Amino acid sequence: MGVVTTKPACLPLDVGRIRHDFPILSAQVHGHPLVYLDNAATSQKPSVVLDALHAYYTQSNSNINRGVHALGERATEAYAKARDVVQLFLNAQSVGEIVFTRGTTEAINLVAQAYGASHLKVGDRVLISQMEHHSNIVPWQMVCQQTGAGLDVIPVSDDGELMMGRFESQLTDRTKIVAIAHISNAIGTVNPVSKIIQAAHANGAVVLLDAAQSISHMAIDVQSLDCDFLAFSGHKTYGPTGIGVLYGKAALLADMTPYQGGGGMIRSVGFDQTTYRDPPDRFEAGTPNIAGAIGLAAAIGYMNQVGLPRISAYEADLLDYALQGLESVEKLRLIGRASNRAASVSFVIDGIHPHDIGTILDDEGVAIRAGHHCAQPLMSRLGIPATARASIAMYNTKHEVDALVRAIQRAIEVFGV
Ligand code: 7TS
């Protein structure tokens, strides 16, 4: 009789192998091995991304969509291929739904101006939350000022969760746009975005999902989520800075007028009349970040190879370990206690300013972020000016979390609190 073996559906992530792929992780800082826990600000880049950038600039560098020459064709093809990679990654219906931008911030501004400015009028409402990053607040304030629409804000509980009961009553037939973070950059709350999207659609509103903090931590399928727009940045997803993505449903993009004009986005230009190309070109005026798109495609290829379900499982375990470690530190207070959380953990220690915590940790080679995390309204709600924040990526280890906890203990000793 043969022996039946069952293979685990998903082998655990091999962090040792992964760390090898990121050259910067072997750096020393102030005589200590680098412990990089500032991934919510930007992630480090694997060699495949660095190599893709190098190969592009050494073998294919050229402008795109104009060329009769070989390099121009190569660059054009590589840029188009990068868009295909993003389409598959998000499971968008077509490549026309993928607009390359400078990052999340530019993608949100694009929707605010190219959709919001022409669809909002006096009396309409835009609904955001109290835990948004400034880049999902200010563009909406600007377009509300332009159009006479108003801004509503879903409140956050003491635990750092959206108050969904309030959301349901705030959502009315005057709500035209709901713009919401998938994961809070400041406190790591994972928001119930499927519920929000369904409720918004039932009220006739479109939904923009700010996926800046979720895209490298969980698999996202825009068709099953049914979000109307989604924004993310390449540099937080193991890719280069200066490149990001706006996903928009084809029917919505087709109905939007561009908010920037220039080369590459036009069909024909006359002094009396100019006509625009179809999306996505319509929204990509000027020479785009060609190398950035190619680097982002390489980063997505890397994440796909490791597998987002595997990354999520590994990071969930690591985050639990970090929460336990931090909770064991006397005098440390965790900020944000959402039941569903990922990636980032914020804390304060009474008597030590978060910037001082950050400086002492840096002396030990431990990189975290201190400040308001571009979420000042959330900080006000929680009654604090700032926090210290550790944020993880797939290459972080329990050993590094131990180093974080040790460095915090040292900060407490130094300040004698
Ligand atoms: N939205 C969220 C949720 C973010 O976390 C960030 C950046 C942005 C938008 C803006 O992204 P950008 O790439 O366009 O700048 N968040 C952070 C952070 O937490 N620390 O540094 C940047």
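We use all heavy atoms of the structure for the numbers below, so side chains are in, but hydrogens, waters and symmetry mates are not. Note that the structure is predicted; figures quoted are calculated from it, not measured. Order of listing sets the numbers, starting from 1, for every ligand and every atom in it.
Counting non-hydrogen atoms of other residues, nucleotides and ligands closer than 6.0 Å to NE2 of His32 gives a total above 12.
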Show every donor-acceptor pair shorter than 3.5 Å between a side-chain atom in residues 406-417 and any protein atom, with sequence neighbours excluded, or say none if there are none.
| from | atom 1 | to | atom 2 | distance (Å) |
| --- | --- | --- | --- | --- |
| Arg410 | NE | Glu364 | OE2 | 2.4 |

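Asp320 meets the salt bridge (Lys or Arg N to Asp or Glu O under 4.0 Å) test with no other residue; sequence neighbours excluded. Partners of Asp21 under the salt bridge (Lys or Arg N to Asp or Glu O under 4.0 Å) rule, at least two apart in sequence or in another chain, do not exist in this structure.
At distances below 3.5 Å, not a single donor-acceptor pair connects side-chain atoms of Arg389 with backbone N or O atoms of Ser344.
Ring pair Phe100/Tyr79 is tilted by interplanar angle, where 30° to 60° counts as tilted.
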Can you give me a line-by-line list of nitrogen or oxygen pairs between ligand 1 and the protein shorter than 3.5 Å?
| from | atom 1 | to | atom 2 | distance (Å) |
| --- | --- | --- | --- | --- |
| ligand 1 | 1 (N) | Asp210 | OD1 | 3.3 |
| ligand 1 | 1 (N) | Asp210 | OD2 | 2.6 |
| ligand 1 | 5 (O) | Gln213 | NE2 | 2.7 |
| ligand 1 | 13 (O) | Ser233 | OG | 2.7 |
| ligand 1 | 13 (O) | His235 | NE2 | 2.7 |
| ligand 1 | 14 (O) | Thr104 | N | 3.4 |
| ligand 1 | 14 (O) | Thr105 | N | 2.9 |
| ligand 1 | 14 (O) | Thr105 | OG1 | 2.6 |
| ligand 1 | 16 (N) | His133 | NE2 | 3.4 |
| ligand 1 | 16 (N) | Lys236 | NZ | 2.9 |
| ligand 1 | 19 (O) | Asn185 | ND2 | 2.8 |
| ligand 1 | 19 (O) | Arg389 | NH1 | 2.6 |
| ligand 1 | 19 (O) | Arg389 | NH2 | 3.4 |
| ligand 1 | 20 (N) | Arg369 | NH1 | 2.6 |
| ligand 1 | 20 (N) | Arg389 | NH2 | 3.3 |
| ligand 1 | 21 (O) | Arg369 | NH1 | 3.0 |

